[in-house]
> 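Structure below; questions to follow.
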Amino acid sequence: MERLQRRMREAAVVRSDTVLDVHAFLNHEVDTDLVQEIGHVFAEAYAHERITKVLTIEASGIAIAYATAVALRVPLVFARRRTALMHDAAYDMERVPAYTRGLVTDIVIAKDRLNASDRVLFIDDIIAHGDAVLGLLKVAARLGAHVVGAGIVIEKKFQSGGQKLRAQGVPCVSLVQIS
């Protein structure tokens, strides 16, 4: 996507050899026209898959996942980080490392949000190590849902997340790959 690449040249900031800051247009302040366009690109890429739900993890992937869900005309489900208010019986949970936060978190999905009839498209802004998405795929599988693909805006090719996702048999569309 030329527009995404242009915005990255204009506003992305390299913070370190592993951190690319896209807060100015993608996941803190959101360029809504760009995100809407991204949603349409992902929807077109997976139009043949009969998607029933779009899935992401809070928080930075929500805007992109929402735009994709609107383009596909399906509901959006987002996994949450576990809080004390969530009672375990109603949620399925997976413990995953959160490298950007420097800790391990529990991601949860309410058990009644996904089931065996769901064909799910995972969407996120950036994939690096891939631990959160792989944890989320485990939760989706336990709930019976079939993940038919993933749409990633920026894939860090120098980290293994995209490779891990593809090794799990999940077709992955990355709009930009950085080395």
Side-chain angles (χ1 to χ4, degrees), residues 1-49 51 53-74 76-79 81 96-102 105 107 119-138 140 147-179:
M1 284 188 56
E2 183 180 319
R3 185 176 186 175
L4 173 60
Q5 292 173 354
R6 182 172 22 88
R7 290 294 282 150
M8 288 180 69
R9 285 190 302 274
E10 294 169 354
V13 178
V14 177
R15 299 282 180 204
S16 73
D17 60 347
T18 60
V19 177
L20 177 67
D21 182 343
V22 291
H23 285 95
F25 61 95
L26 194 59
N27 59 19
H28 189 57
E29 179 175 323
V30 176
D31 179 333
T32 56
D33 289 339
L34 173 63
V35 168
Q36 188 172 10
E37 186 177 332
I38 290 168
H40 282 285
V41 169
F42 288 143
E44 287 177 18
Y46 290 101
H48 63 283
E49 289 290 352
I51 305 297
K53 292 189 179 155
V54 170
L55 179 64
T56 195
I57 302 172
E58 72 175 1
S60 59
I62 292 175
I64 300 151
Y66 176 81
T68 305
V70 168
L72 289 167
R73 303 179 59 100
V74 299
L76 164 64
V77 174
F78 63 91
R81 309 243 185 246
V96 297
Y99 289 99
T100 55
R101 295 176 183 217
T105 62
I107 55 172
R119 296 179 55 79
V120 176
L121 175 61
F122 174 76
I123 298 290
D124 210 354
D125 61 337
I126 297 174
I127 191 165
H129 295 284
D131 293 314
V133 65
L134 293 176
L136 186 58
L137 294 180
K138 289 178 185 177
V147 177
V148 299
I152 306 296
V153 178
I154 300 168
E155 179 179 351
K156 294 180 178 181
K157 292 291 283 187
F158 57 92
Q159 294 172 317
S160 60
Q163 294 169 338
K164 290 177 186 175
L165 194 58
R166 290 176 185 95
Q168 294 282 323
V170 178
C172 187
V173 172
S174 300
L175 300 183
V176 172
Q177 296 178 342
I178 58 174
S179 301

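For the single chain, residues carry numbers from 1 onward in sequence order. As the structure is a computational prediction, the values presented were derived from the model and not from experiment.
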> Please report the interatomic distance CD(Glu58) to OG1(Thr56), rounded to the nearest 0.5 Å.
10.0 Å
> Side-chain contact, heavy-atom cut-off 4.5 Å: Phe122 with Val170?
no
> Answer yes or no: is there a side-chain heavy-atom contact under 4.5 Å between Val77 and Val54?
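When only atoms from C-beta onward are counted, Val54 and Val77 do not touch, as no gap falls below 4.5 Å.
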> Tell me whether Arg6 contacts the main-chain N or O of Glu2 through its side chain, where contact means a donor paired with an acceptor under 3.5 Å.
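No.
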> Please check if the number of heavy atoms outside His23 that lie under 6.0 Å from its NE2 is greater than 12.
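Yes, the 6.0 Å shell around NE2 holds more than 12 heavy atoms from other groups.
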> Can you check whether Lys53 reaches Leu76 side chain to side chain, under 4.5 Å on heavy atoms?
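No, side chains not in contact.
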> Please walk me through it: do Leu165 and Leu137 pass side-chain contact (heavy atoms from CB on, under 4.5 Å)?
CA-CA 9 Å; Leu165 194 58; Leu137 294 180; 3.5 Å; yes
> Does the side chain of Asp31 reach to within under 4.5 Å of the side chain of Arg7, using non-hydrogen atoms?
yes
> Can you tell me how far apart CG (Asp131) and CG (Leu136) are? Round to the nearest 0.5 Å.
12.5 Å
> For a quick test of reading the model, state the closest non-hydrogen atom pair linking Ala71 to Gly39 and the distance between them.
CB-O, 3.9 Å
> Mind checking whether Val22 and Val13 have side chains closer than 4.5 Å, heavy atoms only?
no
> In Å and rounded to the nearest 0.5 Å, what is the CD1 to CG distance from Ile123 to Asp125?
11.0 Å
> One pair to check against side-chain contact (heavy atoms from CB on, under 4.5 Å): Val173 and Ile152. What are the steps and the verdict?
CA-CA 6 Å; Val173 172; Ile152 306 296; over 6 Å; no
> For residues Gly135 and Val96, report the shortest heavy-atom separation together with the two atoms involved.
CA-CG1, 3.8 Å
> Looking at Tyr46, I want to see if its OH is surrounded by more than 12 non-hydrogen atoms of other residues, nucleotides or ligands under 6.0 Å.
yes
> Thr68 and Ala43: which non-hydrogen atoms are nearest, and at how many Å?
CG2-N, 4.2 Å
> With a 4.5 Å heavy-atom cut-off, do Leu134 and Gln168 have their side chains touching?
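Side-chain contact under 4.5 Å: yes.
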> Please give me the minimum heavy-atom distance between Ala63 and Val35, naming the atom from each residue.
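It is O-CG1, 3.5 Å.
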> Pick one: which of Ile154, Ile38, Ile64 meets side chain to side chain contact (heavy atoms under 4.5 Å, CB included) with Leu175?
Ile38
> Say you draw a straight line from CD of Gln159 to CD1 of Ile127; how long is it, rounded to the nearest 0.5 Å?
10.0 Å
> So does Lys164 have more than 12 non-hydrogen atoms from other groups sitting under 6.0 Å from NZ?
yes
> Can a donor-acceptor pair be found, under 3.5 Å and without considering hydrogens, that links the side chain of Ser174 to the backbone of Val176?
no
> Which value, rounded to the nearest 0.5 Å, describes the distance between Asp33 atom CG and Glu37 atom CD?
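The CD atom of Glu37 is 8.5 Å from CG of Asp33, to the nearest 0.5 Å.
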> Does the side-chain contact (heavy atoms from CB on, under 4.5 Å) test come out yes or no for Val133 and Asp124, once each step is laid out?
CA-CA 9 Å; Val133 65; Asp124 210 354; 5.9 Å; no
> Tell me, do Val153 and Met1 make a side-chain contact under 4.5 Å, heavy atoms counted?
no
> Calculate, to the nearest 0.5 Å, the distance between atoms CG and CZ belonging to Leu34 and Arg3 respectively.
5.5 Å
> Tell me, do Leu20 and Met8 make a side-chain contact under 4.5 Å, heavy atoms counted?
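Yes, their side chains come closer than 4.5 Å.
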> Show your working on side-chain contact (heavy atoms from CB on, under 4.5 Å) between Val30 and Phe25 and close with a plain yes or no.
CA-CA 5 Å; Val30 176; Phe25 61 95; over 6 Å; no
> Tell me whether Gln177 contacts the main-chain N or O of Lys156 through its side chain, where contact means a donor paired with an acceptor under 3.5 Å.
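No: the side chain of Gln177 does not pair with the backbone of Lys156.
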> Keeping the roles fixed (side chain from Arg166, backbone from Pro171), state whether a donor-acceptor pair exists under 3.5 Å.
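Flag not set: sc Arg166 to bb Pro171 has no pair under 3.5 Å.
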